[in-house]
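What follows is a short report on a single structure.
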Number of protein chains: 2
Amino acid sequence: MKFDTDEQEFLDKYDPSDYPSIAVAVDIVVFGISKSTPKSYRRLGKQSLNIMLVKRKEYPFKDKLALPGGFVLPEETIDETAKRVLKTKTELNEIYCEQLYTFGDINRDPRMRVISCAYIALVDTEKTQIKDAEWVDADIIKNTDLAFDHAVIIMEALKRLRGKINYTDIVFYMMPEKFTISQLQEIYETILQKKLLPAAFRRTISGKIIQTEEFTQNAGHRPSRLYRWIGNCADSVNK
Amino acid sequence: MKFDTDEQEFLDKYDPSDYPSIAVAVDIVVFGISKSTPKSYRRLGKQSLNIMLVKRKEYPFKDKLALPGGFVLPEETIDETAKRVLKTKTELNEIYCEQLYTFGDINRDPRMRVISCAYIALVDTEKTQIKDAEWVDADIIKNTDLAFDHAVIIMEALKRLRGKINYTDIVFYMMPEKFTISQLQEIYETILQKKLLPAAFRRTISGKIIQTEEFTQNAGHRPSRLYRWIGNCADSVNK
DNA sequence: ATTGATATTATCAATTTGATAATATCAAGT
DNA sequence: ACTTGATATTATCAAATTGATAATATCAAT
């Protein structure tokens, strides 16, 4: 055996306060769906997956786009930091938010050692006012130079979304109250990055949604029925 | 709008080095499979899912069992910390290791604010010597009082394992070089906490394994064929 | 040869998925 | 009123996957 006992002793004695501190930050990938404003057409604007970004006002990476974030304060949990950061950018309190991954490369921040605990948040953009931030199309972000390692964080966030969309109901946190099945399918397609067959999609999704008696109008084709997520229907429990 | 601009300004000015530091640690849930030593029988000992634990030598939680862990040093990434901690407990270099979740409750460590970035590692216990640590059956751990919030961390690790077992090949990092399908099924059953039908299990697993010409012996019943994981077979690429 | 035990293969029904076709409904143009 | 273009919705059938059970195989011990 070539175990190094000294190393073990060293570790036992190690007191982190003897060392220059490592700062802990939270960065949040906030996803939302935005409709590109329809121009001359009468049609609905195509929907797309958007991410909330902030233009940095200070160095490093001044004027570049970055994820909203902030440092973890001594008296708050990491989740609380995430919620606090969200509050500075939106007015919503009830936002779906889950931890994604912690990024700890040594030089990810040029100023000092900063470890970033990344989160994912999903919001309904129709209900959400944003401040000091902007929505950017996820496809456009791929060709954008972002601050820090935020491009990597976003890639991981997209992976998580892709991985979870088929066995959870998280998409619905991004959907408006009422939506058509085609709209929903369009979101699935941009997240999964592939086309789905409408008939099959309908089948699989049907257990998660409830029809309303409303329809889209003036479409130049058969109107489509509006649905709600079953998780949004208090009715579904009682009836 | 009731956005608080002052808060934003505060955050922009916030310099983490002004505050008492937050220490960052890594704790690792190392999974392995151990055979309970067969006693008077001639049969193979039942296999079980085990987790590597360390008996604490110092306060707090002196003499309690804890996950192996250590602090993140200024010059290493979090992944490197995890690998270093693993090396103090095992002799293996090539160990499957992935980040699990970061635990940041304020009082999870009574000494000071410590955030723990938890990892999962999977090892083949037959190849792995351990030092200053012991294997404990996952079922027994459920009724054991562990140090810190390590019981919570282990619960999350088990969830991750359960979630990933069906769409990845991670189990095989815990399996010995050669194994029977029943042994493999037993591991699946303890991880998923439910019985599986042998015929169906065989079918679904068959694409991931390759048969050898070896069989178990002296079993008092039909011998079972030994298989290898396809990912362990250089052959499978060439032939 | 029989029994008990587990491994392995076979079989068939039930369910889920993939793919395509058929039908419906609107606006706009003829 | 009828046709066209567009998308929504339902129907249909084949293909693949899964659930469940039965049949067969092979060993040690009796």
Side-chain angles (χ1 to χ4, degrees), chain A residues 35-36 38-48 162 165-168 175-176 178-190 192-228, chain B residues 35-36 38-48 162 165-168 175-176 178-190 192-228:
Chain A
K35 301 181 178 65
S36 66
K39 300 186 179 163
S40 42
Y41 304 151
R42 205 174 284 96
R43 305 235 227 102
L44 277 173
K46 277 277 175 186
Q47 301 172 118
S48 64
R162 227 188 324 268
I165 196 176
N166 277 325
Y167 71 97
T168 68
M175 298 302 289
K178 294 166 189 173
F179 50 84
T180 70
I181 291 186
S182 320
Q183 282 171 352
L184 190 56
Q185 181 176 343
E186 203 178 316
I187 302 303
Y188 269 75
E189 288 176 345
T190 64
L192 295 174
Q193 306 239 256
K194 65 174 178 187
K195 285 281 170 196
L196 303 175
L197 296 173
F201 181 74
R202 235 154 230 285
R203 235 179 354 207
T204 56
I205 211 71
S206 64
K208 298 182 172 180
I209 58 179
I210 287 186
Q211 66 173 46
T212 71
E213 294 310 316
E214 297 173 59
F215 296 81
T216 56
Q217 288 177 341
N218 304 325
H221 55 77
R222 177 171 174 175
S224 48
R225 189 186 281 273
L226 292 170
Y227 291 80
R228 288 187 298 173
Chain B
K35 301 180 179 67
S36 66
K39 299 183 180 165
S40 42
Y41 305 149
R42 205 175 283 97
R43 305 234 228 101
L44 277 173
K46 278 277 176 187
Q47 301 172 119
S48 64
R162 230 190 321 271
I165 197 176
N166 277 325
Y167 71 98
T168 69
M175 298 303 289
K178 293 165 189 174
F179 50 84
T180 69
I181 291 185
S182 319
Q183 281 170 352
L184 189 57
Q185 182 176 343
E186 204 178 316
I187 301 304
Y188 268 75
E189 288 176 345
T190 62
L192 295 174
Q193 306 238 255
K194 65 174 179 188
K195 285 280 170 196
L196 303 174
L197 296 174
F201 181 74
R202 235 155 229 285
R203 237 182 349 211
T204 57
I205 211 70
S206 64
K208 297 181 172 182
I209 57 179
I210 287 186
Q211 66 173 47
T212 71
E213 294 311 315
E214 297 172 59
F215 296 81
T216 57
Q217 287 178 340
N218 303 326
H221 56 76
R222 178 169 173 176
S224 49
R225 190 186 281 273
L226 292 170
Y227 291 80
R228 289 186 298 173

Identified pairing partner of C:dT11, criterion: Watson-Crick or G-U wobble below 3.5 Å: D:dA20
N/O (side chain, A:S224) to phosphate O (OP1/OP2, D:dT7) under 4.0 Å: no
Integer-rounded Å distance: D:dT7 P and A:Q183 CD: 14 Å
Nucleotide nearest A:L197 when distance is taken to its side chain, options C:dT9, C:dA19, C:dT25: C:dA19
Atom-to-atom span, CD of B:Q185 to P of D:dG19 - whole angstrom: 13 Å
d(NZ, A:K194; P, C:dA19) in whole Å: 10 Å
Short side-chain N/O contact from A:R202 to OP1 or OP2 of D:dT9, under 4.0 Å: yes
Sidechain-backbone polar pair: B:T216 side chain, B:S224 backbone, donor-acceptor under 3.5 Å: yes
For atom CD1 of B:I209 and atom P of C:dA7, their distance in whole Å: 13 Å
Watson-Crick or G-U wobble partner of D:dA1, both distances under 3.5 Å: C:dT30
Salt bridge (charged side-chain N to carboxylate O under 4.0 Å, His left out) pairs, two or more places apart, involving residues 194-204 of chain A: A:E189-A:K195
Main-chain N/O of B:T168 paired with B:K208 side-chain donor or acceptor, under 3.5 Å: yes
B:E213 side chain near B:R225 side chain, heavy-atom distance below 4.5 Å: yes
Mate of D:dT30 where both pairing distances stay under 3.5 Å, Watson-Crick or G-U: C:dA1
Please produce a list of atom pairs where a protein N or O lies less than 3.5 Å from an N or O of nucleotides 1-5 of chain D.
residue	atom	partner	partner atom	Å
D:dG5	N2	A:G220	O	2.4

Minimum side-chain heavy-atom gap A:I187-A:F179 below 4.5 Å: no
Value in whole Å for how far the P atom of D:dC27 lies from CD of B:Q217: 10 Å
Atom-pair distance (NZ on B:K195; P on C:dT6), nearest Å: 11 Å
Length of the line joining A:Q211:CD and D:dT9:P, which is rounded to integer Å: 10 Å
Position toward the 5' end of DNA chain C (nearest nucleotide), A:P223 or B:S182: B:S182
Interatomic spacing from CD1 in A:I205 to CG in A:L184 - rounded to 0.5 Å: 5.0 Å
Sidechain-backbone polar pair: A:T190 side chain, A:S48 backbone, donor-acceptor under 3.5 Å: no
Nearest-angstrom distance from the residue atom CD1 of B:I181 to P of C:dT8: 6 Å
Toward the 5' end of DNA chain D, by each residue's nearest nucleotide, A:L226 or A:R203: A:L226
